[in-house]
Chemist: 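Right, I'll just put the structure down here and ask away after.
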Amino acid sequence: MTDRYRALGGVAIFSVLYFGCAIAALYVTGGEDGIAAIWPASGVFIAGLLLTSRDYRGPLIAGVATASLGANLWGGISWLEAGGYTIANIIEGLVVWRIMGPRRGTSFVTPETLLRFLIAMAAGTAASTVMAAGLSMNLSPTFLSSWATTVLLGMATVTPTIMFLVQDRRGRRRLASFKALAVLAMVAGLSVAAFGQTDYPLLFLPMAGLAFATFAIGVSGTAVAMVIVTAIGSLFTAMGEGPVSLAFENIVSQVLYFQAYLLCLIASTLPLAVLLTQREAEAEANLELAETDALTGLATRRKILTQLDAAMKSARRTKRPLSIAMIDLDHFKRINDRFGHEKGDQILATITSLMRDQLGPIGKLGRLGGEEFLVIFEGVSARDRLDLCELLREAAAATPWPSDGPDAVTLSIGLADFGPEHRLPGEMLRDADAALYRAKDGGRNRCELAAFSDDDAAPHEGDRVNIALAP
C-alpha cells in the first residue's frame, strides 16, 4: 500500500469513527436541545488533525464535516442548527490543533505535551461554545454549559486515548496481553457495579479500577479504562439507573454531575499515568545506557553474559547447538603505550565496526572489557563458525591504518561449544579462554577451537587453526 492510499485510508477511518461516535452519543446520552451529554467525536477529530499530514488535512476536515452534519440531522436537528453545530465542531478542532503548535506530533506521554493539550482544550471549548451559541441563536445558560462540558469531556476522554494507542507501542503490546484484558474486564465490572444499581453510592469503584489499570497496564490502559467507564456510566445514566439518576431528578443536572465526575476521574488519573510512564521510560533508558558500552556501542560485560546465560538455558532445553568466540586484539597495550589511548580508542571503534559487519547479523556481540570481546552463536557449532571467524581475522589484519597509527592490528580468537558440563556462563568462557590463550601462545593472529564434544571431528585444515584442549 502506498503512502497516499494509507493516508486516505486514515482520513476515511477518522471520518467514519467520528460519525459512529456522534451517532452513539446522540442515541445513548441525548440531552436537551439535541446536544449529547458526551461528545467523543470531538476527540476523534482532534486526534485526526494531530496525526494527519498537511496534504490530507483538507480531506479530513471535509470528511468530518460531512459526518457531523449527517449525525446531527439523524438526531432530529434542523438543517440550520446542524450546520451551525458542524461549523462549531470544526472550529474547536482547528483551534486545538493550532494551539498545539509545531510539535503537534510530539508524544502525549509527556507532562509538557499534556499541559499544552489542556490549554488547547480550554481555548477550543470556549471558541466552539461561542460559535455554536451564535450560529444557533441559543444563549441560554443551560445550552452554553451543556455544550462546553460535552465538548471538553469528549476531547479529554478520546483524544489522549487515540494518541496513546498510536504512539505508545509498548502500551499496545501490553493491551494485547491476557493481564490487560483481565484488568479492563475488572474495570468494566466495577463500572457496572457502580452505575447499574441505585441501592448503594459506589462511584468510588471505577476510580479504584482506573488506579489499578494505571499501575498494571500504563497510560494506554488508563485511557482505554476511562473510555470503558465513560461508556458504561453514560449508558446506565441515560437509562435512569445508578446513583447519579437517584440523586438528581432533572436530566440536565444528571448530565452535568456525571460530566464533572468524569472530569475529576481524568484529572486524578491521567497525569499520574503519564508521569509513571515517563519514569518507566527514563528507567529503561538508563538501564540501556548501563548495558551499552560507551565507546563501542556494544553490550557491556554484564549484558552479554546475561544473554549467554539465557542462550545456555535455551540450548539445554531445545538441545540445539550453541557456541561462543572470544576475540582479543593482539599487543593492544603496546598500541596504547606507543600511540596513546585516544588512538587506541579509535582502533577499538574501527575494529568494533568491522566485527559488526562480519558477525553482527549472525551472532550477539559484546565487550567483555578492555580489548576483549565475546560473540554468541546460537543454533550452530564452533566448527561451523570457524570459517567466519577466519574471515574476520583476515579482514582485521588487512585493514589499513593511518600513518600515525600501527602498521597492522591483528586478532586472536578462541571458540568453544556448549556442552552438558557447562552449567554457568563462566564455564563456557573458561573453555573459550583456553582456546584464546592457545592462539596467543601459538604466535597470535590465529583462531583456535576448544576440545570437540565429538571425538571423531577432524581439526580445521587451515595452517593458522589448531585444537586447544581445555583444562
Chemist: For the residue pair Val151 and Ser128, what are the closest heavy atoms and their distance?
Modeler: CG2-OG, 4.2 Å
Chemist: Do Leu329 and Phe373 pass the side chain to side chain contact (heavy atoms under 4.5 Å, CB included) test, and can you show the C-alpha distance, the side-chain angles, and the key distance before you say yes or no?
Modeler: CA-CA 9 Å; Leu329 277 67; Phe373 300 85; 3.7 Å; yes
Chemist: Using side-chain contact (heavy atoms from CB on, under 4.5 Å) as the criterion, list what pairs up with Val227, not counting sequence neighbours.
Modeler: Thr157, Thr161
Chemist: Please name the pair of heavy atoms, one in Ile91 and one in Ala127, separated by the smallest distance, quoted to 0.1 Å.
Modeler: CG2-CB, 4.2 Å
Chemist: Out of the candidates Val380, Ile376, Asp417, only one should pair with Leu322 under the side chain to side chain contact (heavy atoms under 4.5 Å, CB included) rule; please name it.
Modeler: Ile376
Chemist: Once side-chain contact (heavy atoms from CB on, under 4.5 Å) is applied, do any residues pair with Leu69, and if so which ones, sequence neighbours excluded?
Modeler: Leu73, Trp79, Ala82, Thr86
Chemist: Please tell me if the side chains of Phe418 and Arg316 come closer than 4.5 Å, counting only heavy atoms from C-beta onward.
Modeler: yes
Chemist: Is atom CD of Glu342 surrounded by more than 12 heavy atoms (other residues, nucleotides or ligands) closer than 6.0 Å?
Modeler: no
Chemist: Where does the angle between the aromatic ring planes of Phe195 and Tyr261 fall among parallel (under 30°), tilted (30 to 60°) and perpendicular (over 60°)?
Modeler: perpendicular
Chemist: What are the two closest heavy atoms between Met428 and Ile324, and how far apart are they?
Modeler: O-CD1, 3.6 Å
Chemist: Is there a side-chain hydrogen bond (donor to acceptor under 3.5 Å, both in side chains) between Thr306 and Asp309? Walk through the geometry before answering.
Modeler: CA-CA 5 Å; Thr306 300; Asp309 184 54; over 6 Å; no
Chemist: Counting only heavy atoms not in Phe204, do more than 12 sit closer than 6.0 Å to its CZ atom?
Modeler: yes
Chemist: Which residues pass the side-chain contact (heavy atoms from CB on, under 4.5 Å) test with Met207, sequence neighbours left out?
Modeler: Leu265, Ser268
Chemist: Distance from Ser78 atom OG to Asn72 atom CG, nearest 0.5 Å?
Modeler: 9.5 Å
Chemist: Is it the case that over 12 heavy atoms from other parts of the model lie below 6.0 angstrom from the OH atom of Tyr56?
Modeler: yes
Chemist: With Asp433, which residues qualify under side chain to side chain donor-acceptor pair (under 3.5 Å), at least two apart?
Modeler: none
Chemist: If every non-hydrogen atom of Ile232 is compared with every non-hydrogen atom of Ala188, which pair is closest and at what distance?
Modeler: CD1-O, 3.7 Å
Chemist: Go through Ile327 and Ile351 one step at a time and tell me if the side chain to side chain contact (heavy atoms under 4.5 Å, CB included) criterion holds.
Modeler: CA-CA 11 Å; Ile327 304 171; Ile351 293 297; over 6 Å; no
Chemist: Compare every heavy atom of Ser68 with every heavy atom of Asn89, then report the nearest pair and how far apart it is.
Modeler: OD1-OG, 3.3 Å
Chemist: Can you check side chain to side chain contact (heavy atoms under 4.5 Å, CB included) on Leu205 and Ser191, steps first, answer last?
Modeler: CA-CA 7 Å; Leu205 289 180; Ser191 299; over 6 Å; no
Chemist: For side chain to side chain contact (heavy atoms under 4.5 Å, CB included), just list the numbers for Leu359 and Leu392, CA-CA rounded to whole Å, side-chain angles, deciding distance to a tenth of an Å, and then say yes or no.
Modeler: CA-CA 8 Å; Leu359 307 174; Leu392 172 64; 3.5 Å; yes
Chemist: Do you know the tightest heavy-atom contact between Leu175 and Ser220?
Modeler: CD1-CB, 3.9 Å
Chemist: Just to verify, what does Thr214 make a side chain to side chain donor-acceptor pair (under 3.5 Å) with, not counting sequence neighbours?
Modeler: Thr222
Chemist: Checking Phe117 now: which residues fulfil ring pair (Phe, Tyr, Trp, His ring centres under 6.0 Å) with it, not counting sequence neighbours?
Modeler: Phe108
